[in-house]
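Counting starts at 1 for both ligands and their atoms, in listed order. Since the structure is predicted, the reported quantities are computational estimates derived from the model, not experimental observations.
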Amino acid sequence: QPITLSVIKADVGGYVGHSAMHPALLEEARRLMEEAKHKNQIVDYHVTSCGDDLQLIMTHRHGVDHTDIHHMAWDVFTACTQVARKLKLYGAGQDLLADAFSGNVRGMGPGVAEMEINERQSEPILIFMADKTSAGAWNLPLFKMFADPFNTAGLIISPTMHAGFQFEVHDVKGHKRIFFRTPEEMYDLLVFIGATGRYIIKAVFTHDGEIGAVSSTQRLALIAGKYVGKDDPVCVVRTQGAFPAVGEVLEPFTMPHIVEGWMRGSHYGPLMPTSVQQATPSRFDGPPRVIGLGFQLADGQLIGPRDMFDDPCYDEVRRQVNILADQLRRHGPFEPHRLPMDEMEYTTLPQVMEKLRDRWSELP
Ligand code: 13P
Ligand code: 13P
Ligand code: MG
Ligand code: MG
Ligand code: MG
């Protein structure tokens, strides 16, 4: 009997500002998830936070995109929003962009990554969650995990991985999708996924169609038509066997790669891998963070988590992130620290520009 792993997340109020989550919200979410487990709506769950984003990790037997599961997640977010309002936390209900639930949380603000799988003899899974960045932030690490032999030794060494993988890429502005096979079409894939604001890796499969990774591709600015906070995406990756080893999946995060997000969602900054405890972006509301939780699935039970970046081997990338953060911060309001104008369209900057419109005159 297949099992579905669903990660559904939303920012329903920050403590303090956008830096972290108040324990009362986690407590309320856990209470409701425990209730759902009791009623056998879900098999198991783990509730955590990354920065100011509430993360609901669930296993169940209903398949992906199931109304009951999405509705339950929506209800947890609205209940936690009530708690946030009482404490006057910052941006209570920030990511709930619809007034009422209808059918599916997709397009309503929360981020979703789900996969339905037949649990293997052993099923090690890594769940990545980021704060202060946008949905395209997984493109580079997913490419490295599943297509770069300098990252993933298994692509060369392992007979189960040597054939490569298939990438499902979404054009989030054109509402289209395309599949690429690697290694054959690696260069074609990179034509698109290098543009992280528009082309986003939704999922990765083996050539037999077995799912290896899935990410949340929701872009809040495109849903709301204006800036309402960053997407703060999540990503689920299966490891070992036909998929990259745990260490190959974690390795891309040792490179302090630069993503969009950070202060007011309007800047480029390096992505810092940290423990859950240290995922509290405060310097210039950042730098952007990523956490990684490891689980072994056992008949749908989430055995874990292990806090994968809570390890001294990531000290060096954290140090490099701080050096890059200093260097980028010194640019202040200048590009390439600040996002280019077409991305700034989704911020409050156009309102400021509008006020100055009449002051412009023709060149003499
Ligand atoms: P162990 O001998 O510790 O199980 O390691 C096996 C391995 O292949 C690690 O990549
Ligand atoms: P969040 O999306 O994490 O709420 O960040 C919003 C922001 O503007 C931080 O400066
Ligand atoms: Mg927030
Ligand atoms: Mg956030
Ligand atoms: Mg956000």
Practice prompt. Using a strict 4.0 Å threshold on nitrogen-to-oxygen distance, state whether Glu35 and Arg31 make a salt bridge.
Written response: yes

Worksheet item: At the Mg ion (ligand 3), what is the angle formed between atom OD2 of Asp52 and atom ND1 of His18, rounded to the nearest 10°?
Response: 100°

Discussion item. Glu28 vs His22, test: side-chain hydrogen bond (donor to acceptor under 3.5 Å, both in side chains). Steps then yes/no.
Written reply: CA-CA 11 Å; Glu28 175 69 351; His22 193 281; over 6 Å; no

Practice prompt. Return the name of the atom in Asp232, of element N, O or S, nearest to the Mg ion (ligand 4).
Written response: OD2

Worksheet item: Is Arg283 salt-bridged to Asp326, cutoff N-O under 4.0 Å?
Response: yes

Worksheet entry | 2.8 Å cut-off met by an N, O or S atom of Asp11 to the Mg ion (ligand 4) | no

Worksheet item: Is any NZ, NE, NH1 or NH2 atom of the basic residue among Lys230 and Asp131 found under 4.0 Å from an Asp or Glu carboxylate oxygen of the other?
Response: no

Discussion item. Within 2.8 Å of the Mg ion (ligand 3), is there any N, O or S atom belonging to Asp95?
Written reply: no

Worksheet item: Is the closest basic N to carboxylate O distance between Glu168 and Arg177 below 4.0 Å?
Response: yes

Worksheet entry | N/O/S atom name from Asp131 that is nearest to the position of the Mg ion (ligand 4) | OD1

Response to the item:
Per residue Asp53, nearest N, O or S atom to the Mg ion (ligand 4) is named OD1

